[in-house]
Amino acid sequence: MLNKNQPLIFELTKEGRIGYSLPELDVPEIDLSSLLPEGYKRTEPAELPEVSELDIMRHYTALSNRNHGIDSGFYPLGSCTMKYNPKINESVARYPGFANIHPLQDESTVQGALEMMYDLQEHLAEITGMDEMTLQPAAGAHGEWTALMMIRAFHESNGDFHRTKVLVPDSAHGTNPASATVAGYETVTVKSDERGLVDIEDLKRVIGDDTAALMLTNPNTLGLFEEDILEMAAIVHGVGGKLYYDGANLNAVMSKARPGDMGFDAVHLNLHKTFTGPHGGGGPGSGPVGVHKDLIPFLPSPVLVKKDDVYTFDYNRPQTMGRVKPFYGNFGIYLRAYTYIRSMGPDGLKAVTENAVLNANYMMRKLEPYFDLPYKQHCKHEFVLSGRRQKKLGVRTLDMAKRLLDFGYHPPTIYFPLNVEEGMMIEPTETESKETLDSFIDAMIQIAKEVEDNPEIVQNAPHTTVIKRLDETRAARTPVLRYIKQ
Ligand SMILES: *Cc1c(COP(=O)(O)O)cnc(C)c1O
């Protein structure tokens with residue numbers, strides 16, 4: 001139940017009240033403070049809330065009800081694939097045989113865990129059409145950077161030190177230019193044409209023998225398939241560059257088309273998007289990278305290999321780009337992805353892609369009469385609307401996003417990609433029912449009508465949430481670090 005006047009936990013405090021009981025001490029008592037050096041001891045007791053067990057349970061339950069997550073409602077966040085997290089994944093991730101192993105255990109005692117990781121690598125290599133995978137990177141952006149460092153190591157191993165540029169389309173996810181910069185490259189933007197696809201003429205203009213790689217998302221961030229991909233691959237390979245695939249959202253093409261077959265040399269996946277790892281709140285994520293055989297020597301070390309039916313880590317990799325994650329990486333996320341892939345099977349994964357694309361096109365066509373649709377062709381797993389028409393009536397996309405909260409929906413991604421004015425990027429995902437899609441469509445249509453008849457209701461939204469209109473950036477820029485007692 002939402003309580004608008006939910007007190008702070010500090011306001012519930014009653015001196016001396018505690019929420020736990022411990023059995024009587026039956027070992028010698030140790031004064032822990034005697035172990036601490038003087039300078040580190042508190043001079044005053046910590047200001048902690050003093051509440052009963054029920055108080056604290058109810059407090060956190062009430063707070064959790066204010067949160068919007070994939071288990072509480074529709075979450076069409078384009079380019080982020082907030083799809084459902086199957087509960088079977090959670091049971092498997094908690095199997096004691098997996099959950100209780102220690103990263104320093106001898107390899108001979110964790111063969112089952114290594115087998116699962118090895119199999120997962122094989123499945124992901126098959127899905128992407130790549131020759132080998134590493135599971136090490138902790139997230140999508142980390143995978144991008146890891147792959148670029150492998151590409152750099154590849155060029156340098158050929159004595160090729162003059163490739164200083166990475167090409168990135170203007171519609172790319174922001175992590176692409178960021179990863180290129182962190183990998184020490186200069187980013188060069190490639191323009192999109194009126195179809196929303198890479199402008200081949202512009203690509204030819206900016207590419208050269210100083211190009212290390214072209215980073216592409218296909219379908220791109222507008223949800224559109226780059227039809228000229230084979231020609232682009234030939235152009236990039238023609239100057240000795242490598243082609244990098246941002247595969248964060250593979251539910252647009254999985255089991256239908258493979259980056260390896262399109263000519264890509266390296267690809268990262270987001271197990272916390274396409275492969276149903278829980279996502280949000282900062283992780284943990286997992287961003288495995290697959291490579292074409294040219295890049296295998298440069299994979300992060302150690303590489304998990306199978307020798308005579310024994311799984312082992314190979315550290316003897318003289319050309320490795322280095323190590324990017326300690327121990328096994330984010331092992332719990334591998335288990336969830338593995339459970340998902342095994343429980344779906346190849347036909348299931350194909351159905352995922354078909355439904356993701358069907359749902360996005362259904363929603364796009366239903367909304368097309370009410371909003372501007374800058375790119376008219378069929379989309380893949382997501383589409384981008386423009387709020388241009390509404391802006392002329394004094395209502396911005398931000399206002400409409402806030403108004404969606406009143407209908408109980410998480411808003412889509414807004415003002416992205418940057419080349420769409422007042423953009424709204426919607427990804428319904430494959431796991432939502434037609435009824436859910438229809439009610440979201442109805443809410444969007446109602447908002448479009450309100451903009452014409454009663455714009456104030458949209459401009460001042462939200463009206464039904466516990467906290468009204470929040471400043472977009474203040475929480476991140478001026479966090480409340482400590483409760484100040486009055
Ligand atoms: C989410 C996403 C990324 C970045 O992934 P993180 O795990 O958040 O680092 C990169 N590219 C695209 C297209 C994405 O959607």
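Whatever order the structure lists them in is the order used to number ligands and atoms, beginning at 1. We number each residue from 1, following the sequence as shown. Just so you know, these numbers come straight off a predicted model, no measurement behind them.
- Ligand 1 is surrounded by Ser79, Ala139, Gly140, Ala141, Glu144, His173, Thr175, Asp246, Ala248, Asn249, Asn270, His272, Lys273, each with at least one heavy atom closer than 4.0 Å.
- In summary, the side chains of Thr339 and Asn89 do not present any donor paired with an acceptor at a separation below 3.5 Å, with no hydrogens or angles considered.
- With no hydrogens or angles considered, a side-chain donor-acceptor pair links Ser192 and Asp170 at under 3.5 Å.
- Judged purely by distance below 3.5 Å, without hydrogens or angles, the side chains of Glu430 and Asn359 never pair a donor atom with an acceptor atom.
- Between the side chains of Thr81 and Asn270, no donor-acceptor pair of N or O atoms lies under 3.5 Å.
- A donor-acceptor pair shorter than 3.5 Å can be found between the side chains of Ser433 and Thr436.
- Under the ring pair (Phe, Tyr, Trp, His ring centres under 6.0 Å) criterion, Tyr75 pairs with His68, His410, not counting sequence neighbours.
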